[in-house]
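Note: hydrogens, waters and symmetry copies are ignored here, and every other heavy atom, side chains too, is used.
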Amino acid sequence: MTTNSLSETCNEIVFSKFFKIHVKPLRNFLFYKYGNEDQAEDLTQEAFIKLWQNCAAVPIEKAKSYIYTIANNSSLNEIKHKKVVLEYEKNFAGLDKTNENPEFILEEKQFENKLLKAIEDLNETQRVAFLMHRIDGKKYNEIAEELNISVKAVEKRIHLALVQLRKTIENIK
């Protein structure tokens, strides 16, 4: 009997008759449940395609349950995917959007490059002290200990670095 029922689902006439009986109720079920007519149509078609592809494994007595389960699960997966997409957009969409015009963003990037170049051009002692203070956030006495110099020497190096950077930046404008 199982062999007979398996072959019935794969019989084109039986499948066609089954399709005609169940296509509209399945589409309506999906439409009423999820409220999207196009999605209901698509998922209905996909459910019947999967039934046809697996006709040998699905007896005709269980085919109705099979298509409803497939369609419902596919719809839930679609909703889950849309939630992930919306969450991603919510979290990351604002990162690329700015209120500045593209010209300002370009000028800002160019200024950043010039500032980095100006820092590179500082002599080594000034650059090291300046970066340790501004980037690493170290206090003058910590820098003095690490470089084995006095706190006054650190102050002087950072001051000279700032003077040089201001001079360079004024020339940039």
Side-chain angles (χ1 to χ4, degrees), residues 1-121 127-128 130-139 142-143 146 165 169 172-173:
M1 179 170 168
T2 320
T3 313
N4 188 21
S5 64
L6 289 178
S7 63
E8 285 180 16
T9 308
C10 293
N11 182 323
E12 287 185 36
I13 296 168
V14 173
F15 186 86
S16 178
K17 190 175 182 181
F18 178 83
F19 176 83
K20 288 176 184 172
I21 293 170
H22 295 289
V23 69
K24 191 171 182 180
L26 178 61
R27 188 199 64 78
N28 289 343
F29 166 77
L30 292 169
F31 175 64
Y32 298 154
K33 189 165 183 174
Y34 300 107
N36 185 329
E37 193 170 0
D38 292 334
Q39 183 182 13
E41 288 284 340
D42 292 344
L43 293 175
T44 300
Q45 289 178 10
E46 286 178 27
F48 279 100
I49 290 170
K50 286 185 181 179
L51 175 61
W52 181 251
Q53 290 171 341
N54 297 311
C55 68
V58 181
I60 196 72
E61 299 84 30
K62 297 189 181 205
K64 181 178 178 184
S65 172
Y66 182 83
I67 60 170
Y68 276 80
T69 302
I70 292 291
N72 192 47
N73 288 346
S74 296
S75 189
L76 292 173
N77 288 341
E78 185 77 22
I79 290 169
K80 190 175 182 181
H81 175 71
K82 285 181 182 177
K83 282 183 181 179
V84 169
V85 169
L86 288 173
E87 188 67 26
Y88 177 82
E89 287 176 354
K90 185 176 106 180
N91 289 336
F92 296 105
L95 295 179
D96 292 339
K97 296 178 183 174
T98 61
N99 292 334
E100 291 94 17
N101 64 27
E103 185 179 337
F104 176 80
I105 295 171
L106 178 64
E107 287 177 8
E108 186 178 43
K109 187 69 177 164
Q110 289 173 342
F111 181 79
E112 180 185 350
N113 291 338
K114 290 176 182 177
L115 179 61
L116 291 173
K117 176 75 171 118
I119 291 172
E120 275 181 29
D121 291 343
R127 184 176 57 251
V128 169
F130 176 78
L131 292 175
M132 287 176 81
H133 179 64
R134 293 295 170 113
I135 303 299
D136 296 339
K138 294 185 178 184
K139 295 181 168 84
E142 293 173 329
I143 297 169
E146 282 189 39
L165 288 173
I169 289 171
I172 290 174
K173 294 179 182 178

When you compare the side chain of Ile169 with that of Phe111, does any pair of heavy atoms fall below 4.5 Å? yes
CA sep, side-chain torsions, deciding dist, call: Glu46, Leu43, side-chain contact (heavy atoms from CB on, under 4.5 Å): CA-CA 5 Å; Glu46 286 178 27; Leu43 293 175; 3.9 Å; yes
Do side-chain atoms of Arg127 reach the backbone of Glu120 as a donor and acceptor pair under 3.5 angstrom? yes
Check whether any side-chain heavy atom of Lys139 lies under 4.5 Å from a side-chain heavy atom of His133, and answer yes or no. no
Report, as yes or no, whether the 6.0 Å neighbourhood of atom CG on Leu116 holds more than 12 heavy atoms from other residues, nucleotides or ligands. yes
Set of salt bridge (Lys or Arg N to Asp or Glu O under 4.0 Å) partners for Glu146, sequence neighbours left out: Lys138
Distance check, rounded to the nearest 0.5 Å: Asn11 atom CG versus Glu8 atom CD? 8.0 Å
Could you walk me through whether Asp136 and Leu131 satisfy the side-chain contact (heavy atoms from CB on, under 4.5 Å) test, starting with their C-alpha distance in whole Å, then the side-chain angles of each, then the deciding distance to 0.1 Å, before giving a yes or no? CA-CA 7 Å; Asp136 296 339; Leu131 292 175; over 6 Å; no
Between Gln45 (side chain) and Asp42 (backbone), is there a donor-acceptor pair under 3.5 Å? no
Shortest non-hydrogen pair, Leu26 vs Ala71, comes out as CD1-CB, 3.9 Å
Hey, what do you get for NE2 (His81) to CD1 (Ile79), rounding to the nearest 0.5 Å? 12.5 Å
Any donor-acceptor N/O pair, Ser74 side chain to Ile70 backbone, under 3.5 Å: yes
Kindly indicate whether the side chain of Gln39, heavy atoms from C-beta on, has any atom under 4.5 Å from the side chain of Leu30. no
One pair to check against side-chain contact (heavy atoms from CB on, under 4.5 Å): His22 and Phe48. What are the steps and the verdict? CA-CA 10 Å; His22 295 289; Phe48 279 100; 4.0 Å; yes
Measure up the Phe19 and Phe15 rings against each other and bin them: parallel (under 30°), tilted (30 to 60°), perpendicular (over 60°). parallel
How many angstroms lie between atom CZ of Arg134 and atom CD1 of Ile119, to the nearest 0.5 angstrom? 9.5 Å
Where the side chain of Asn54 meets the backbone of Ala57, is there a donor-acceptor pair that is under 3.5 Å apart? no
Are Thr44 and Val23 side-chain neighbours, meaning at least one heavy-atom pair lies under 4.5 Å? yes
Can you tell me if Asn72 uses its side chain to pair, donor with acceptor, with the backbone of Tyr68 under 3.5 Å? no
Kindly compute the distance separating NZ (Lys33) from OG (Ser75), expressed to the nearest 0.5 Å. 8.0 Å
What's the verdict on side-chain contact (heavy atoms from CB on, under 4.5 Å) for Ile67 and Phe18, showing C-alpha distance, side-chain angles and the deciding distance? CA-CA 11 Å; Ile67 60 170; Phe18 178 83; 4.0 Å; yes
Rounded to the nearest 0.5 Å, what's the gap from CG on Leu106 to CD on Glu108? Could you check? 10.0 Å
Check Trp52 against Glu12 and note the closest heavy-atom contact, atom names and distance. CH2-CG, 3.7 Å
Reported NZ-to-NZ distance for the pair Lys114 and Lys109, which is rounded to 0.5 angstrom: 13.5 Å
